[in-house]
Amino acid sequence: MAKLPDRRPETLGGYIVHGVPFPVETDPDALAFLKRMAPLQIEQEYSITYLHSYGQDSPWFAAASNKKLLATRDPESGYTYATPRGHDMYSGRETEWIDISDRKAYIHAFTVCHFGSEEFLPETPFVLALIEFEGVNTLFLSRLLGVDPQEATLDWIGMEVQPRFLRNSKLKPTDVYFVPAES
Amino acid sequence: MRPVYALSGGVSKFAKARPDKTFQAIVKEAYDAAIADLGLDFSTFTQQVDGSVASYFSDHFTRQLMAGIMAQDYLGLCPKPSHRVEGGGATGGLCFQEAWKAVASGHMDVCLAYGFETMSHVETWKGNEFIALASDVSWDYPVGGFYSGYYAMMVTRHMKEFGTTVEQMAHVSVKNHINAYHNPYAQKRNRYSIQDVRNSPMVAWPLTRLDICVMSDGAAAVILASEEGIKRLESAGADVPKPLVRVTGIGRGTDAMRMADRPHVDYDTFMREYATQQEHDSDETRAYYKKLWEHGTRYPGVHSFRAGRTAGNMAYKHAGIKDPLHELDFVELHDAYTSSEIQTYEDLGLCRYGEGGEFATSGKTFMPGVDYGLDLPEQPICPVNPSGGLIACGHPVGATGLMQAVFAIWQLQEGIEQHFGDPTLQIKEARRGAIHSHAGTGTYVTVSILERED
């Protein structure tokens, strides 16, 4: 049986303290005693809004918001990237866009995240999966829905899946996610 | 390039949190220990050292840019030359090699490598977020950025292709935790069983909390020198620890940031570009790999690290190693996950690709004379992570690769009892060891070979 939680989570936040204990007189004994003082810890806020550019990858996001899944391809070798790259890593040539919305897709690898980074904690448990596409050389990282996260099994690897798009695009790679293919 | 010696090192106690000191003062703990091992005082060593390399991973954890110069300043090393290196989890290994280069090239005779990380300044889940920012923020992070998740995906593929099991991974956790039981510098000193590992909370299926290293505050420092540097230190009164430890091999490799972009090469390309010399030379191994490829294996995919294989092959060639399992007396490798230790056995050629799981339970990587409570079929050949590794010692990122170097130096100097106060983890007559430092999902990997000179 899994171990039950026996600790409360540690969080920041709490009372604001005015006035910190300190010797009234700074005589030599009091100053020497400062070496035995516990450290003071304060909270520091830090947040910033970035204007992030998708640069040469931008068409992929425009396509996803219109329910199309794009990839890029070296025009000569045909080497195809499910996660788009503006230039091929073998020839250095500029790639071209192709539509892979209707390609057969399969689970290549996956996990169920029961914990995560702070931003994604509220979404746990969620399934991360690397998707492989027929005729495409590289993979695509995405979310998998339509499976029970509590029933993870290696049998999911190789399962045929299909893309599903958010109706209200967020212009993020999660505008597309995958579900088991309809038979 | 001229010979470079790793003379001494120091490690601060790795802990969940060290609010008692600022990061500079934690670095000084490690630095003072490294100097003390040379028998020099602070100001004498300061006069003799030519410069330094600083190692820390994330500006986010300290919320401080240019933290490196603050450590340099606190150590009293200004105005000597210094620079910071950064390469994710491999930062410490890169730092060690940059210090090696400074000495090998003749630019410096005595060079200090120091590293640190103070990860306790944010809550664990925010720390996971910071670490996940070391994945592509356009494509990877927004999908659910979480490194344990990335490694869990790798291992599900490893399990599917090669039949690796969670119990085999748990053997790594039991080994490394029980080794660390004898290491006073380790953050976690607990004896666990296979059941304990499997029953601990699931983090990213199938990895549980005890399959994964912890965040730490800590620092480490190593002093490297040329033969001229050693003479100079001895003229200044140093009692340089003997036997000397020479760095005889350096290797480094890289791979694409997004593991989705990793290639899936065919058998011929694998044999030509990535196979070890030993794999090349064995008819039986070539046939074994041919069979794997016939069953659909492609390399490196997401189950293997070609950066690690590249680094290992380069370092072995440099050091003249042909059979790493039998020519290395120990390996300190980057076990951020039990699964990545298994993957790394394969990358480093300690076993063949696909056989890491079985290798993990064979007993070959365990310490002799230590009771693990496991039924191990074979005798130890090459202990892996005799110190306890990242899983038990902790992983204060910028310090980790240097911590491995310090423990390797102590092994080769037969100084484990002196430093740990316990002889259990001393590998008898250890003559040659490897340290392996690894970043991201296998983006930067370093391998360095250290050898004892008699």
Side-chain angles (χ1 to χ4, degrees), chain A residues 1-3 5 9-12 38-41 44 46 50 52 54-55 57 60-61 81-85 89-90 108-121 123-132 137-143 149 152 154 156-158 170 172-174 177, chain B residues 18-21 60 63 121-133 135-161 196 198-209 256 258-264 301-303:
Chain A
M1 195 181 98
K3 191 176 174 222
E10 297 291 341
T11 58
L12 298 181
L40 286 169
Q41 294 176 273
Q44 287 182 327
Y46 183 62
Y50 286 89
H52 182 73
Y54 287 127
D57 298 336
W60 187 94
F61 295 90
Y81 297 92
T83 315
R85 295 175 65 100
M89 65 165 80
Y90 302 101
H108 184 83
F110 77 95
T111 183
V112 181
C113 292
H114 293 270
F115 291 92
S117 299
E118 186 174 81
E119 182 177 342
F120 306 108
L121 273 181
E123 299 170 29
T124 57
F126 58 83
V127 183
L128 285 180
L130 285 161
I131 311 294
E132 60 179 65
N137 298 87
T138 70
L139 307 171
F140 181 76
L141 177 65
S142 194
R143 293 280 187 101
L154 290 178
W156 290 356
I157 294 178
K170 306 287 187 290
K172 288 188 173 181
T174 41
Y177 55 95
Chain B
R18 287 288 307 271
D20 57 309
K21 289 186 179 177
H60 293 62
R63 193 176 171 267
H121 296 194
V122 296
E123 294 176 74
T124 298
W125 308 117
K126 181 57 83 178
N128 275 306
E129 199 173 292
F130 287 171
I131 293 166
L133 289 172
S135 61
D136 189 320
V137 297
S138 289
W139 295 101
D140 289 342
Y141 176 81
V143 183
F146 184 38
Y147 256 92
S148 298
Y150 301 158
Y151 275 80
M153 283 190 286
M154 294 178 200
V155 79
T156 58
R157 190 70 203 180
H158 203 282
M159 293 164 80
K160 185 75 175 181
E161 291 210 19
D196 292 331
R198 292 316 303 161
N199 288 344
S200 69
M202 186 62 70
V203 175
W205 193 89
L207 299 174
T208 71
R209 193 167 285 174
R258 302 187 296 240
M259 60 176 180
D261 289 0
R262 307 275 164 86
H264 296 73
V302 297
H303 49 69

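Just so it is clear: chains get the letters A, B, ... in the order the sequence lines come, proteins before strands, and each one is counted from 1.
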Proximity breakdown for [X] and chain B, heavy-atom pairs closer than 4.5 Å:
| X | value |
| --- | --- |
| A:F120 | side chain |
| A:T83 | both |
| A:E119 | both |
| A:T124 | neither |
| A:F61 | side chain |

Taking all non-hydrogen atoms of both residues, which atom of [X] and which atom of [Y] are closest, and how far apart?
| X | Y | answer |
| --- | --- | --- |
| A:I157 | B:T156 | CD1-O, 3.4 Å |
| B:H264 | A:N137 | ND1-O, 3.8 Å |
| B:M153 | A:L141 | CE-CD1, 3.5 Å |
| B:V302 | A:A109 | CG2-CB, 4.4 Å |

I'd like to verify something: which residue of [options] has the highest number of heavy-atom pairs under 4.5 Å with chain A?
| options | value |
| --- | --- |
| B:R157, B:H60, B:R198 | B:R157 |
| B:S138, B:G127, B:A152 | B:S138 |
| B:M154, B:M159, B:R63, B:H121 | B:R63 |

Between [options], which residue shows the highest count of heavy-atom pairs closer than 4.5 Å to chain B?
| options | answer |
| --- | --- |
| A:H52, A:E132, A:K172 | A:H52 |
| A:A38, A:P125, A:G116, A:C113 | A:G116 |
| A:P149, A:P84, A:G158, A:G55 | A:P84 |

Atom OH of A:Y46 and atom NZ of B:K126: how far apart are they, to the nearest 0.5 Å?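 Taking OH in A:Y46 and NZ in B:K126, the distance rounds to 11.5 Å.
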Calculate, to the nearest 0.5 Å, the distance between atoms CG and OH belonging to A:L130 and B:Y150 respectively.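 Spacing of CG (A:L130) from OH (B:Y150) equals 10.0 Å.
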Would you say that [X] contacts [Y] through its side chain, given a criterion of any heavy-atom pair below 4.5 Å between the two side chains?
| X | Y | answer |
| --- | --- | --- |
| B:P201 | A:H114 | no |
| B:D261 | A:M89 | yes |
| A:D57 | B:W139 | yes |

